[in-house]
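Data first, discussion second: the structure below is written as structure tokens.
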Amino acid sequence: MRVATWNINSLKARLDRLLAWLETAEPDVVCLQELKCADADVPIEAISAAGYDTASWGLGRWNGVAILSKVGIADVRRGISGQPAFGDETEPRAITATCGPVRVQSLYIPNGRDVADPHFPYKLAFLKALAADAAADAAGDLPFAAMGDFNICPTDDDVWDVDEWPGTTHVTKDERDALAAVQAAGLADVFPRPLKHAHPFTFWDYRNLDFPKNRGLRIDLALANPAFKAAVTDAYVDRNERKGKGASDHAPLVVDLDL
DNA sequence: ATGACGTTGCCTCAACGA
């Protein structure tokens, strides 16, 4: 089976491209982030017509996550245990479901904005809660993967140029340590192959010709438990989806499984 | 070709992204 994760930067604005990509890539399960719409505005009919069930958690113009599945959606859970709120709002940044033989989590980790911004400790707190929350699924026999936009470059190789990257967030030791703690719970990075160039970047800023110049980041990850990892036959970043008019600034990360 | 930022809300600009 084929499982993917994609930060689509607005479900409404990207719907036509999403539907076209579902038809060509034929994933069985897709984790989406940055829906930027409320649950009531999720176009479940169009997605259903493409053959997918939808589980979503969206509140409005910011954040929002979903899981699409051709193989059923069961045991849906919104959020994570101990999820920190920002201000008085618990933001829609995690949804988990069992889809056929796998359990997947669609994650949109807070950006952090700047190391001096309140969003930065919020990001670290979210990751700390995630590490604790993931331990049970990580240790289980059911293939499980926490997938999504982690907003962290795990290593300097995951940045197009760490010297030129205006590196406050995404590359700090605190963030990488917090990510390592999630992995230490029993989740391994499913490292994808790039379709072009040396590094499997998943994000390129819209500005400054970053995509044509391959000034990218690898911030979208699939962290898998041993049962999921053992079933992986291939993983790649579909950078072709970053091309053309109306693209998201992220490309899908696709994982193939012998399941 | 992949081309100089895009999306949303109530909006004519601000907030946000990474």
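Here is how names work: the chains are called A, B, and so on, in the same order as the sequence lines, proteins then strands, and each is numbered from 1. Below, all heavy atoms of this structure are taken into account, side chains as well, without hydrogens, waters or symmetry copies.
- Atom CG in A:D210 sits roughly 12 Å away from atom C1' in B:dT2 (whole-Å rounding).
- Stacking of A:R93 on the aromatic ring of A:Y108 is recorded, both the 6.0 Å distance cut-off and the 45° axial limit being met.
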Item to check | CA sep, side-chain torsions, deciding dist, call: A:T172, A:D177, side chain to side chain contact (heavy atoms under 4.5 Å, CB included) | outcome: CA-CA 9 Å; A:T172 67; A:D177 287 349; over 6 Å; no
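- Atom-to-atom, CG of A:N7 to P of B:dC16 comes out at 17 Å; the value is rounded to the nearest Å.
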Next on the checklist: I'd like to know whether A:K36 forms a salt bridge (charged side-chain N to carboxylate O under 4.0 Å, His left out) with A:D41, so could you lay out the CA-CA distance, the side-chain angles of the two residues, the decisive distance to 0.1 Å, and finally the verdict.
Outcome noted: CA-CA 10 Å; A:K36 293 187 170 177; A:D41 297 321; over 6 Å; no
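- Applying the side chain to side chain donor-acceptor pair (under 3.5 Å) rule to pairs touching residues 49-62 of chain A yields A:D39-A:S56, sequence neighbours excluded.
- Phosphate contact (OP1/OP2 of B:dA18, side-chain N/O of A:H250, threshold under 4.0 Å): present.
- Under 3.5 Å, the side chain of A:N111 and the base of B:dA18 form at least one donor-acceptor pair of N or O atoms.
- Rounded to whole Å, the P atom of B:dC10 lies 14 Å from the corresponding atom of B:dC16.
- To the nearest angstrom, P of B:dG17 lies 12 Å from CD1 of A:I219.
- Between the P atom of B:dA4 and the CZ atom of A:R215 lies a distance of 14 Å, rounded to the nearest Å.
- With C1' as the reference atom, B:dA4 and B:dG9 are 26 Å apart, rounded to whole Å.
- A heavy atom lying under 4.0 Å from DNA chain B marks the following residues of residues 234-244 of chain A, by number: A:K243, A:G244.
- Within the nucleic acid shown, A:Y108 comes within 4.0 Å of sugar-phosphate atoms alone, with no base atom in reach, counting heavy atoms only.
- For the 3.5 Å distance criterion, the side chains of A:E34 and A:N9 fail to qualify, holding no donor opposite an acceptor.
- Within 4.0 Å of A:D149, counting heavy atoms only, lie sugar-phosphate atoms of the nucleic acid but no base atom.
- Taking the six-membered ring for Trp, A:Y122 and A:F86 have ring centres closer than 6.0 Å.
- In the displayed structure, A:E89 atom CD is contacted under 6.0 Å by more than 12 heavy atoms of other residues, nucleotides or ligands.
- Whole-Å rounding puts the A:R17 CZ to B:dT2 P distance at 10 Å.
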Next on the checklist: Protein within reach of the bases, or only the backbone? For nucleotides 5-15 of chain B, mark each nucleotide 5' to 3' as B, S or -, using heavy atoms under 4.0 Å.
Outcome noted: BSSBS----BB
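- Rounding to whole angstrom units, CG of residue A:N151 and P of B:dC16 are separated by 15 Å.
- Applying the 6.0 Å contact sphere to CD1 of A:I44 captures no more than 12 heavy atoms from other residues, nucleotides or ligands.
- Taking a cutoff of 4.0 Å between a charged side-chain nitrogen and a carboxylate oxygen, A:R2 and A:D28 do not qualify as a salt bridge.
- Listed by first and then second residue, the side chain to side chain donor-acceptor pair (under 3.5 Å) pairs involving residues 213-236 of chain A are A:D158-A:R218, A:D189-A:R218, A:R193-A:D234, A:T202-A:D220, A:W204-A:N214, A:D220-A:H250 (not counting sequence neighbours).
- Using P as the reference atom, B:dA18 and B:dT8 are 15 Å apart when rounded to the nearest Å.
- Between the side chains of A:T96 and A:R77, no donor-acceptor pair of N or O atoms lies under 3.5 Å.
- Evaluation of atom-type donor-acceptor distances gives a pair under 3.5 Å for the side chain of A:K196 against the base of B:dT2.
- Residues passing the side chain to side chain contact (heavy atoms under 4.5 Å, CB included) test with A:W21, sequence neighbours excluded: A:A4, A:W6, A:T24, A:A25, A:P27, A:V30, A:D238, A:E241, A:P252, A:V254.
- Atom CD of A:E175 and atom C1' of B:dA18 are 10 Å apart (whole Å).
- Between A:Y122 atom OH and B:dC16 atom P the separation is 13 Å, expressed in whole Å.
- DNA chain B is contacted by no residue of residues 176-183 of chain A, taking any non-hydrogen atom closer than 4.0 Å.
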